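As C-alpha cells, the structure follows; a few thoughts come after it.
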Amino acid sequence: MSTSVTVKPSLNPLLPYRTHYSSDLAALSVGAEVRLAGWAHRCRDHGGLIFIDLRDPRGLVQLRITPDAPGDSHDIAAKVRPEWVLQVVGVIKPRPEGTENPSLATGKIEIEVSRIEILNVAADMPFDVADETPITEQQNIEFRYIALRRESVAKVVRFRHELVRMVREYFYENNFLEVETPLLSKSTPEGARDCLVPSRVFPGKFYALPQSPQQYKQLLVIGGVERYFQIARCLRDEDTRADRLLEHTQIDFEMSYVQRDDIMNMLEGLIIRLVTKLTPEKRLLSNPLQRFTYRELMDRFGSDKPDLRFGLEIRDCTDLFSEIEFQVFRSVIEKGGTIRGFWCPAPPSFSRKEMDELTGVAMELGAEGLVWISCGAEDFSSPIKRFLSPDLLARLRDRVEAAPGEGSLFLMAGQVHDTVLDRLGRFRVKISERANLQDPNLLAFAYVIDFPYFFWDEDNKRYDPCHHMFVMPKREYINTVLTDPLPTLSTQFDMICNGYEMCSGSERIHFRRLQSGIMQLVGIGPEEQEEKFGHLLRALDSGAPPHGGVAPGVDRLVMVLMGLPFVRDTIAFPKSQRGEDLMMKSPSHVDEQQLRELGIKLR
RNA sequence: GGGGCCGUAGUUCAGCUGGUUAGAAUGCCUGACUGUCGAUCAGGAGGUCGCGAGUUCGAGUCUCGUCGGCCCCGCCA
C-alpha cells in the first residue's frame, strides 16, 4: 500500500520550474537561493531532520529539511518517496565538517529547503531506479521509461548522443552532405528478408523498408553529391542475436572519385576520433589500424572477424602428424585434410573433467572432435598420449610457438580446411573466455582486405558474393571476373573490433557492362535485371563516376566502445528477441477497415 | 525450423532424492528517531510457485503440452 493516494500533487508550482541544475551548485556561493526540480532519488527521514537526494538530468544534490522549515515543508517532505517529482526552493549551505560525501559532485554542500512542492507522485513502480539491482529483460523492455532513469542506462543514451554528434561534426568538417533517403522503398532479391509495407493506392503491391540505403547512396553520388552521409535506419526481418537487431542504425557514407584506401582513411579518421574523444581510458591495439588479408586472418585466427585482443594463434600441424599411427589423423591426412591447433599457456591448466567439457563445447561448435595435449611441469597427458613421442611433442610445441612452461595444446582435424579453421576459430574464443584473455580496456580495431569476391553456394549451385553484387573487383581481376570468378579478389574491406564486424565497405562497380555481368553470374537474368535494377543500370550508363563507401553500425560501435554485452542495451526502446515491443505491444492487430483499404485478407 | 537455460512476494533470488503452515534480502505499510547519504531500530502486510493437463496418498519439485524471456545453430549479401 502506498500513501500516495492521500497526497495531492501541487498545482501551483513556482515558474519557471528551476533556476539551476544540480551540476551548477558546487560553483555557486554559499547562501545563494536556488530553485531546483527533479526526482526524489533516495529519502532518509530521521524524524527531525529529513534528507532527500534530488536527481535531475545532471546529477544529485542532497536536500535538508528541518522541523522549523517554513510552513508545512517538513510535513510534506516526510511523505516524499523515491521517484516522486519535486520542486524545491532553498539556499546553498556548506555541510558540517565530517558529513561531506566525497562520492558526490555536490558532496560538500546541501540545500537548506524553505519550500517544497510535490509536482507528482509515483504510485506504482515495478522496480527501483536508485537501486541498480538487475531486472529481467521483460521488465527492462516493458518499463523502459523507468529503466531509462537508471544511471547505468542513461549514460548509454548520453554516450550514443555524443557519438552521433561527433559523427555529424566529422562529416560536416569533411564537406559531406547529409541527405535523407526514402523509407518506403523497393523489395530486392538476395540478402535478408524485407520488412514489407502494403500500398493502399496500389492494392497487392508492397513497399519494402530499406535493409540499407545501398542503391540510393550510389544514385546520389551519380547524381552529383560527391560526398554523402546519413545516420540511417536499416531494417531486416531476420532472427535477432545478442549482437543483432531487427532495426539498426548505420553511419552511411559514400564518396565519388575515390579508391578503396581513400574510403578506408576517411573511416579510420572517424573511428580514431571517436575512440580518443569518447573512450580516452581505453587503449587502441594499433594506430594507424593494422591491415590483414582475409586469407591471413582465416589461417591465423579461423575467422574473418577475430578478436585480436589475445593470441592463441592457429598453426598448421598437418605435416607433423604424417608419420603418426593415430588412425583418425592419418586418414584425414591421406584424404588431403588438415590438422590445425593452437597453444594456450597456463594458467589456466584444465583438469581432465574440464577437457571433457571442452570437447563437448567443440562438438557443439560443429567440430568432429577435439584432441588436447595438457603439458604439466614434468609430464603431459592426452587421449592420444601413446602416439606422441617426446620429440613429436617438442616439434608440436615449436610449431604452435608455445613458450617454455605449462599449457594446453588444442587440435582439430578435418577434410575441408576452412571448416576446420572456422570451428577452431570459434573454439579459440571459448578458450579465451575461460582463460580470461579478453582485456576490457583494449580496443582491437583492424582492417580486413582482399576478400574473395565470390564463394560457391553448393546448395543453390551458384556464385554468391561475399559482400554484395555492387562491389568492384580489384583492378587486376576486372577482365577475368566474369570468366573465372572464384579466384577474384574484391575491393571489399571490413573493419573489425574485439571479435565483431563493425562494417563492410568497398569501391562500387560504375560500369553497366560489368554490373550486368556480375548480376548474370549470381543468377539474375536480363529480364529480372531490368525489372529490379533497371534504374541502377541506366544510371551507371549515364556517366557514373568511380565511387565507393561504407556504413559502420552505430549500435555496435556503442556496444564495443562501452564494452556492453548486448546491442539491445544501446537503444532507447529495444524489442524482445522475437521482435515484440513489450511496452507498446507491437506488432498488433489492426482494424478490419484498415485491412480492407489495403486490399488485404488474412488467411 | 532446431538445441539449451529460465519463469516462486512489487523487485532480485533460495527452496535437496516429491512430504506439515513456501523462505531470505530489498521494497511497501505503521511507529520511533535532528547528520544521514544502501540511514538505523521495532512491528506489520504481501504468493493462483507463468498457464493447462497428467503421474502420485501427496507436486513449487516429476512428465507432457502451452505462453513468455534470454543464449546459441540455421538465417542475417
Side-chain angles (χ1 to χ4, degrees), chain A residues 1-6 41-54 60-69 74 78-79 81-83 93 95-104 106-107 110 122-143 146-147 188-194 211-212 214 234-246 248 360-361 363-366 423 426 430 451 453-455 457 459 463-471 490 492 494 501 504 506 518 522 565-566 568 574-578 580 582:
Chain A
M1 285 292 288
S2 166
T3 54
S4 60
V5 283
T6 65
H41 189 65
R42 285 201 170 94
C43 309
R44 295 175 294 280
D45 184 349
H46 290 243
L49 265 184
I50 297 171
F51 297 105
I52 297 171
D53 292 334
L54 188 77
L60 294 174
V61 65
Q62 175 167 280
L63 309 177
R64 177 179 186 264
I65 303 98
T66 59
D68 50 356
H74 189 262
K79 292 174 183 159
R81 292 290 173 272
E83 299 312 305
K93 286 276 179 73
R95 294 202 192 183
E97 195 161 339
T99 64
E100 298 97 340
N101 184 350
S103 60
L104 225 54
T106 56
E110 59 195 358
D124 190 19
M125 297 295 286
F127 53 86
D128 294 335
V129 174
D131 179 357
E132 292 267 356
T133 301
I135 48 174
T136 61
E137 202 52 31
Q138 240 155 329
Q139 300 269 336
N140 185 32
I141 297 173
E142 182 170 356
F143 301 104
I146 297 171
T188 55
E190 309 287 312
R193 195 177 292 116
D194 285 313
Q211 296 182 25
S212 79
Q214 180 60 37
C234 305
L235 298 101
R236 292 169 192 180
D237 190 3
E238 296 290 348
D239 291 351
T240 64
R241 281 286 190 285
D243 64 340
R244 261 168 29 199
L245 300 166
L246 216 56
H248 67 117
V361 169
M363 306 290 254
E364 280 167 26
L365 297 174
R423 308 292 190 260
R426 292 164 187 254
K430 296 285 183 191
F451 280 84
Y453 199 109
F454 296 105
F455 60 87
D457 181 351
D459 294 339
Y463 297 103
D464 218 2
C466 290
H467 186 25
H468 58 58
M469 60 186 176
F470 308 114
V471 172
S490 80
Q492 178 190 346
D494 283 9
E501 176 194 310
S504 288
S506 70
I518 298 278
V522 301
F566 308 111
R568 216 175 16 248
K575 292 180 173 63
S576 77
Q577 195 201 29
R578 298 198 305 161
E580 183 179 7
L582 301 170

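The model shown is predicted, which means the values in this text are computed figures rather than measured ones. Every chain is numbered from 1, with letters handed out A, B, ... down the list of sequences.
- With both ends at atom P, the span from B:U34 to B:C51 equals 47 Å, rounded to whole Å.
- Contacts of A:Tyr463 classified as ring pair (Phe, Tyr, Trp, His ring centres under 6.0 Å), with partners at least two apart in sequence or in another chain: A:Phe454, A:Trp456.
- For B:U61 and B:C37, the P atoms lie 43 Å apart once the distance is rounded to whole Å.
- In this model, the phosphate group of B:U11 is not approached by any side-chain N or O of A:Thr136 to a distance below 4.0 Å at OP1 or OP2.
- Residue pairs meeting the salt bridge (Lys or Arg N to Asp or Glu O under 4.0 Å) criterion with at least one member in residues 128-141 of chain A, sequence neighbours excluded: A:Glu137-A:Arg568.
- When heavy atoms are screened at a 4.0 angstrom cut-off, A:Ser212 is found touching base atoms of the nucleic acid.
- In this structure, A:Glu132 atom CD and B:U11 atom C1' are separated by 14 Å, rounded to whole Å.
- Rounded to a whole angstrom, the distance from the C1' atom of B:A14 to that of B:A53 is 28 Å.
- In this structure, the CD atom of A:Glu83 is 16 Å from the P atom of B:U11, given to the nearest Å.
- Between the CG atom of A:Asp457 and the C1' atom of B:C76 there is a distance of 14 Å, rounded to whole Å.
- Within the 4.0 angstrom heavy-atom criterion, base atoms lie near A:Pro96.
- Comparing the C1' positions of B:G1 and B:G27 gives an interatomic distance of 43 Å, to the nearest angstrom.
- Applying the salt bridge (charged side-chain N to carboxylate O under 4.0 Å, His left out) criterion to A:Arg236, with sequence neighbours excluded, gives no partner residue.
- With A:Arg95 contributing its side chain and A:Glu100 its backbone, the two residues share no donor-acceptor pair below 3.5 Å.
- For the OP1/OP2 pair of B:C29 and a distance below 4.0 Å, the side-chain nitrogens and oxygens of A:Arg81 include at least one atom meeting the criterion.
- For A:Ser212, the side chain to side chain donor-acceptor pair (under 3.5 Å) test picks out no residue, with sequence neighbours left out.
- Distance noted for atom P between B:G44 and B:C57: 40 Å (whole Å).
- Within the shown strands, B:G54 is the pairing partner of B:C62 under the Watson-Crick or G-U definition, both distances less than 3.5 Å.
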Across nucleotides 36-44 of chain B, 5' to 3', mark each nucleotide with B, S or - according to how protein heavy atoms within less than 4.0 Å reach it.
BBSB-----
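- Partners of A:Asn101 under the side chain to side chain donor-acceptor pair (under 3.5 Å) rule, at least two apart in sequence or in another chain, are A:Ser103.
- Separation of the P atoms belonging to B:C62 and B:G18 is 8 Å when rounded to the nearest angstrom.
- With sequence neighbours excluded, no residue forms a side chain to side chain donor-acceptor pair (under 3.5 Å) with A:Asp239.
- Atom-to-atom, CD1 of A:Ile146 to C1' of B:G27 comes out at 14 Å; the value is rounded to the nearest Å.
- Nucleotide B:C37: unpaired (no Watson-Crick or G-U wobble partner with both distances less than 3.5 Å).
- Nucleic acid contact class of A:Ile50 (heavy atoms, under 4.0 Å, all strands): none.
- Searching all strands for a Watson-Crick or G-U wobble partner of B:C5 with both distances below 3.5 Å returns B:G69.
- Remark: the separation of the C1' atoms in B:G15 and B:A25 is 15 Å, to the nearest Å.
- At a threshold of 4.0 angstrom between heavy atoms, the contacts of A:Ile135 are confined to the sugar-phosphate backbone, with no base atom among them.
- When all heavy atoms of A:Phe470 and A:Gln214 are compared, the closest pair comes out as CD1-CG, 3.8 Å.
- Shown here, B:C28 forms a base pair with B:G44; the pair counts as Watson-Crick or G-U wobble because both key distances fall under 3.5 Å.
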Collect all protein-nucleotide pairs involving nucleotides 6-10 of chain B in which both atoms are nitrogen or oxygen and the distance is under 3.5 Å.
{"from": "B:G10", "atom 1": "O2'", "to": "A:Pro126", "atom 2": "O", "distance (Å)": "2.9"}

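- Remark: A:Asp243 pairs with A:Arg556 by the salt bridge (charged side-chain N to carboxylate O under 4.0 Å, His left out) rule, at least two apart or across chains.
- Rounded to whole angstrom, the span from the CG atom of A:Leu235 across to the C1' atom of B:C76 amounts to 13 Å.
- Shown here for A:Ile50 and A:Asp45, the closest heavy-atom pair between the two residues is CG1-OD1, 3.4 Å.
- Within the 3.5 Å criterion, the main-chain N or O of A:Gly107 finds no donor-acceptor partner in the side chain of A:Gln62.
- Nucleotide B:G27 holds its C1' atom 13 Å from the CG atom of A:Asp124, rounded to whole Å.
- Distance noted for atom C1' between B:G46 and B:G23: 14 Å (whole Å).
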Taking N or O atoms only and anything under 3.5 Å, show me the protein contacts with nucleotides 70-73 of chain B, one pair per line.
{"from": "B:C70", "atom 1": "OP1", "to": "A:Gln577", "atom 2": "N", "distance (Å)": "2.8"}
{"from": "B:C70", "atom 1": "OP2", "to": "A:Gln577", "atom 2": "N", "distance (Å)": "2.7"}
{"from": "B:C70", "atom 1": "O3'", "to": "A:Arg568", "atom 2": "NH2", "distance (Å)": "3.3"}
{"from": "B:C71", "atom 1": "OP1", "to": "A:Arg568", "atom 2": "NH2", "distance (Å)": "3.1"}
{"from": "B:C72", "atom 1": "OP2", "to": "A:Ala242", "atom 2": "N", "distance (Å)": "3.1"}
{"from": "B:C73", "atom 1": "OP1", "to": "A:Arg426", "atom 2": "NH1", "distance (Å)": "3.3"}
{"from": "B:C73", "atom 1": "OP2", "to": "A:Arg241", "atom 2": "NE", "distance (Å)": "2.8"}

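- By the side chain to side chain donor-acceptor pair (under 3.5 Å) test, A:His74 pairs with no residue at all, sequence neighbours left out.
- In this view, A:Asp53 and A:Arg44 satisfy the salt bridge (charged side-chain N to carboxylate O under 4.0 Å, His left out) rule, not counting sequence neighbours.
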